[in-house]
Peer 1: 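Shown below is the structure under consideration.
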Amino acid sequence: MDHVHTIVGVANGDVMEMLRVRGLRMTPQRRAIVSEVMRTRGHISPAAIVRQVQDAMPGVNASTVYRTLSLLEQVGVLQHSHLESGAEYHRSEDAAHVHLTCSSCGSDDALSLGEAESLHALIRTHHGFEADLTHFAIGGLCGRCAKGVAR
Ligand SMILES: [Zn+2]
Ligand SMILES: [Zn+2]
Ligand SMILES: [Zn+2]
């Protein structure tokens, strides 16, 4: 199944307000970064945000982008996952899925938490461990690579 993207979520202005409440000055750079993040659906690659923000506003430091992404995670707007390609963010409302990444072709598939429930329950039988299956991707081979079919 593909990623499910919900329509509901926080608006741009709400996010700016959340950051302002934390005493952060909403500089034009930070506004541009927040807008770019809020426009992005599905996986939010930090490197791609840096590229897009720098296209729109030359001179923005990559470190400013990374710091802002991390702040957006602290206020609950974003959540990160570790994928084959590195850490990526999701809007929090899009984050509830388990990543299945193919180590051969690099494809990224997703399992809903409902589909993963029996795995979650199985792990819980081990000393009551509550697994967060969304945080790290499960690596392996996609169906096509496992069958040895060329792409
Ligand atoms: Zn994802
Ligand atoms: Zn992490
Ligand atoms: Zn594959």
Side-chain angles (χ1 to χ4, degrees), residues 1-12 14-16 18-19 21-24 29-30 32-56 60-151:
M1 98 158 244
D2 206 347
H3 291 172
V4 176
H5 305 304
T6 47
I7 310 291
V8 291
V10 271
N12 243 346
D14 297 345
V15 175
M16 309 264 188
M18 281 180 200
L19 297 179
V21 163
R22 301 203 143 209
L24 292 159
Q29 282 96 326
R30 219 169 241 151
I33 296 163
V34 169
S35 301
E36 197 52 55
V37 164
M38 299 309 280
R39 233 196 316 273
T40 308
R41 295 282 153 183
H43 291 170
I44 301 170
S45 142
I49 296 287
V50 169
R51 270 197 306 277
Q52 277 143 9
V53 170
Q54 285 177 342
D55 275 354
V60 178
N61 275 325
S63 64
T64 306
V65 176
Y66 295 130
R67 252 200 320 275
T68 305
L69 289 170
S70 153
L71 286 167
L72 290 172
E73 180 159 36
Q74 283 170 38
V75 298
V77 172
L78 297 180
Q79 240 170 272
H80 73 269
S81 305
H82 303 274
L83 309 183
E84 188 83 6
S85 52
E88 295 205 351
Y89 290 93
H90 297 89
R91 304 273 297 277
S92 291
E93 68 269 23
D94 289 338
H97 53 268
V98 182
H99 296 99
L100 305 175
T101 63
C102 178
S103 54
S104 175
C105 72
S107 70
D108 180 38
D109 201 354
L111 205 62
S112 72
L113 291 185
E115 289 175 294
E117 180 47 39
S118 57
L119 174 59
H120 193 261
L122 174 71
I123 295 170
R124 190 189 292 125
T125 63
H126 181 83
H127 302 159
F129 190 86
E130 282 299 328
D132 175 4
L133 297 172
T134 68
H135 189 194
F136 283 94
I138 296 176
L141 291 175
C142 70
R144 293 169 63 146
C145 291
K147 281 198 216 106
V149 177
R151 278 215 288 162

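Any value given below was found using the heavy atoms of this structure, including those in side chains, with hydrogens, waters and symmetry copies removed. First listed ligand is number 1; within each ligand, the first listed atom is number 1.
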Peer 1: Measuring from the Zn ion (ligand 1), name the closest N, O or S atom belonging to His90.
Peer 2: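 Of the nitrogen, oxygen and sulfur atoms in His90, the Zn ion (ligand 1) lies nearest to NE2.
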
Peer 1: Taking all non-hydrogen atoms of both residues, which atom of Cys102 and which atom of Leu141 are closest, and how far apart?
Peer 2: SG-CA, 3.9 Å

Peer 1: Do Leu72 and Leu19 come within less than 4.5 Å of each other through their side chains, counting heavy atoms only?
Peer 2: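 Counting from C-beta outward, Leu72 and Leu19 do come under 4.5 Å.
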
Peer 1: Please check this pair: side chain of His99 against backbone of Asp108, looking for a donor-acceptor N/O pair closer than 3.5 Å.
Peer 2: no

Peer 1: Can you give me the SG-the Zn ion (ligand 3)-SG angle for Cys142 and Cys105, to 10°?
Peer 2: 110°

Peer 1: Taking atom CZ of Arg67 and atom CZ of Arg30, what is their separation to the nearest 0.5 Å?
Peer 2: 7.0 Å

Peer 1: To the nearest 10°, how many degrees is the angle His43 NE2 to the Zn ion (ligand 1) to His97 NE2?
Peer 2: 160°

Peer 1: Where the Zn ion (ligand 2) is the corner point, what angle links NE2 of His82 with NE2 of His80, to 10°?
Peer 2: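 The two atoms subtend 110° at the Zn ion (ligand 2).
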
Peer 1: How wide is the angle at the Zn ion (ligand 3) spanned by Cys102 SG and Cys145 SG, rounded to 10 degrees?
Peer 2: 110°

Peer 1: Would you say the side chains of His135 and His80 form a donor-acceptor pair under 3.5 Å?
Peer 2: yes

